[in-house]
Protein chains: 2
Amino acid sequence: MSRRDEILDAAAGLLVEEGPDALSMRRLGELLGIRAPSLYKHVSGKEEILAALQERALRAMAVELEAARPDVRGLGDAYRAWALANPQQYTLVTRHPLDRDRLAPGVEAAAAAPLLAAVGGDQARARALWGLAHGLVDLELAGRFPSTADLDATWRAAIELFEPEPTQKESQP
Amino acid sequence: MSRRDEILDAAAGLLVEEGPDALSMRRLGELLGIRAPSLYKHVSGKEEILAALQERALRAMAVELEAARPDVRGLGDAYRAWALANPQQYTLVTRHPLDRDRLAPGVEAAAAAPLLAAVGGDQARARALWGLAHGLVDLELAGRFPSTADLDATWRAAIELFEPEPTQKESQP
DNA sequence: CCTCTCGGCTAACGGTGTTAGCTCAAGGTT
DNA sequence: AACCTTGAGCTAACACCGTTAGCCGAGAGG
């Protein structure tokens with residue numbers, strides 16, 4: 001494992017363990033038994049570290065989405081579950097500016113593919129689904145919903161927008 | 001106008017004009033012909049400034065939503081339009097931690113009310129609508145969609161999830 | 001044996017939010 | 001009129017932040 005990878009691992013640990021504010025070059029160096037400026041022998045700067053972490057997280061999320069049941073409900077659940085289980089990573093992926101030049105090609109598309117497939121290839125609907133899932137997750141992680149809100153019910157209502165569930169009463173006789 | 005309000009106005013200007021990074025206590029003081037520490041005679045700290053700007057923006061957005069046509073389409077359009085016209089404010093409102101103790105009571109509910117009314121009072125659907133609108137706006141502002149993406153079409157598809165438009169072909173003969 | 005490169009180091013710069021403590025003018029009180 | 005209080009500015013400083021410049025020693029290769 002290269003020193004660079006050690007740095008990225010330590011950075012990832014710091015991020016999930018103590019949050020984004022704790023992820024400073026000095027703290028990171030300290031964690032590795034090194035002074036902050038020495039990090040620059042292996043990494044161009046903090047931006048590169050964050051970009052690498054972003055890519056890692058995006059890949060991990062894509063793996064999870066590919067493993068999910070390939071319909072809207074399965075994907076929605078997987079999307080939400082991953083975000084809630086990895087809030088720091090999700091926030092980094094979606095709130096930090098995405099430098100596509102640094103990102104390996106295909107990574108973004110790989111994460112989006114399952115969503116696109118689940119809505120039958122309709123780009124507009126796929127983006128709506130993405131927006132819906134991201135919006136709900138982002139608001140939930142940001143604590144924007146009142147603590148009394150039933151978010152499971154919210155997600156059920158959201159998924160039903162895409163896959164209407166015939167109610168028992170009104171189903172065809 | 002109190003000195004505090006002058007400070008908040010200057011802060012708002014700095015935010016929309018030069019972005020969140022430019023909104024530092026020293027820059028803000030400079031803009032007012034004052035040294036940064038003097039700001040603390042009128043304001044408890046940067047957090048209070050941001051909270052006040054957040055509340056202002058939330059109120060402005062609520063006004064816009066109340067003025068919109070009170071259906072899903074009208075609200076969706078108004079939501080998106082306001083966010084795109086005031087990206088810095090929208091980002092501040094949604095990405096900065098919301099301190100409800102500092103927020104005047106009712107402000108949050110006032111912004112949410114039109115959405116709730118548009119879906120007939122169904123809380124779960126209202127939150128889904130909010131999530132959808134916020135998600136699409138957040139992703140658009142963050143530049144997450146490819147530049148080739150037709151976001152108008154995406155919004156049309158999104159709104160249609162709530163208000164299905166009978167197509168010409170399949171409409172009742 | 002010499003040299004060169006790698007990976008550490010210290011010192012420093014300019015930036016951030018914030019605190020402590022001083023000063024001075026304005027206004028109200030006695 | 002003299003005094004006192006308060007408000008609103010100031011400087012100096014602290015502890016952080018990301019980053020750069022330049023030095024140094026160990027180890028590898030010729």
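Keep in mind the model is a prediction, meaning the values are calculated, not measured. Naming: A, B, ... by sequence-line order, numbering from 1 per chain.
Aromatic ring pairs are classed by plane angle as parallel below 30°, tilted from 30° to 60° and perpendicular above 60°; the pair A:His134 and A:Tyr90 is tilted.
At a threshold of 4.5 Å between side-chain heavy atoms, the hydrophobic network of Ile, Leu, Val, Met, Phe, Trp and Tyr places A:Leu98 and A:Leu65 in two separate groups.
Under the salt bridge (charged side-chain N to carboxylate O under 4.0 Å, His left out) criterion, A:Arg144 pairs with no residue at all, not counting sequence neighbours. Remark: B:Asp71 pairs with B:Arg69 by the salt bridge (charged side-chain N to carboxylate O under 4.0 Å, His left out) rule, at least two apart or across chains. With sequence neighbours left out, A:Arg56 forms a salt bridge (charged side-chain N to carboxylate O under 4.0 Å, His left out) with A:Asp9. By the salt bridge (charged side-chain N to carboxylate O under 4.0 Å, His left out) test, A:Glu6 pairs with A:Arg3, sequence neighbours left out.
The nearest whole Å value for the distance from the CG atom in B:Leu39 to the P atom in C:dA20 is 17 Å. Atom-to-atom, CD of A:Glu30 to P of D:dC16 comes out at 10 Å; the value is rounded to the nearest Å.
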Subject >> Step-by-step ring-ring contact (aromatic ring centres under 6.0 Å, His included) determination, A:Phe145 to B:Trp130 >> reply: CA-CA 10 Å; A:Phe145 293 121; B:Trp130 184 20; 5.4 Å; yes

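Residues from residues 4-15 of chain A with heavy atoms under 4.0 angstrom of DNA chain D: there are none.
Using a distance-only test at 3.5 Å, with no hydrogens or angles considered, a donor-acceptor pair links the side chain of A:Asp122 to the main chain of A:Arg125.
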**OP:** Could you encode protein contacts along nucleotides 4-19 of chain C as a string, one character per nucleotide from 5' to 3', using B for base contact, S for sugar-phosphate-only contact and - for no contact, with a heavy-atom cut-off of under 4.0 Å?
**Re:** ---BBBBBB---BBBB

